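The structure under discussion appears below in the form of structure tokens.
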Amino acid sequence: MSYNLCNLPRQEKYQIQLDYEASFWAYQIKRGKNTREAVYEAINSRPMSEQATLKQRFEYYLSIMLAG
């Protein structure tokens with residue numbers, strides 16, 4: 001079964017993009033290519049409406065990546 005993400009509403013596509021960014025930052029931390037401080041600096045430079053989502057998803061992906 002396939003699902004075309006282009007058919008989603010704009011807001012849902014944007015939430016997927018935020019999720020993707022958070023997972024990439026966690027990947028960078030795991031590989032030692034970035035620091036938590038730099039990631040939180042990047043998150044805090046984003047609009048306030050995005051910050052909570054980014055922090056939550058970043059911590060979620062980081063916990064998964066560092067556990068395994």
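Model, not experiment: these values are computed from the prediction.
The environment of Q17 atom CD is dense: over 12 non-hydrogen atoms of other residues, nucleotides or ligands sit within 6.0 angstrom.
Side-chain atoms of Q51 come within 3.5 Å of backbone atoms of N44 as a donor-acceptor pair (strictly under, hydrogens ignored).
L54 and L66 fall within a single hydrophobic cluster, where Ile, Leu, Val, Met, Phe, Trp and Tyr side chains are chained together by heavy-atom contacts under 4.5 Å. A chain of hydrophobic side-chain contacts below 4.5 Å, direct or via other Ile, Leu, Val, Met, Phe, Trp or Tyr residues, connects Y3 to I16.
Legend: residues meeting salt bridge (charged side-chain N to carboxylate O under 4.0 Å, His left out) with R46, ordered by chain and number and at least two apart, are E21, E50. N7 pairs by the side chain to side chain contact (heavy atoms under 4.5 Å, CB included) definition with N4, not counting sequence neighbours. For E37, the side chain to side chain contact (heavy atoms under 4.5 Å, CB included) partners two or more places apart in sequence, or in a different chain, are T35. When the side chain to side chain contact (heavy atoms under 4.5 Å, CB included) test is applied to Q15, the partners found at least two apart in sequence or on another chain are Q11, L18, T53.
What you find for A42 and W25 is that their closest heavy atoms are CB-CZ2, 4.1 Å.
A distance of 11.5 Å separates OG in S23 from CG in L62, rounded to the nearest 0.5 Å.
For the ring-ring contact (aromatic ring centres under 6.0 Å, His included) condition, the pairs that include at least one residue of residues 40-60, sequence neighbours left out, are Y40-F58. Pairs engaging residues 6-20 under the salt bridge (charged side-chain N to carboxylate O under 4.0 Å, His left out) rule: D19-R57 [sequence neighbours left out].
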TODO: Please step through side chain to side chain contact (heavy atoms under 4.5 Å, CB included) for the pair R36 and E59, ending with a clear verdict.
DONE: CA-CA 10 Å; R36 277 182 183 237; E59 290 297 331; 3.6 Å; yes
- [ ] Could you walk me through whether Y27 and N34 pass the side chain to side chain contact (heavy atoms under 4.5 Å, CB included) test, one step at a time?
- [x] CA-CA 9 Å; Y27 173 79; N34 211 341; over 6 Å; no
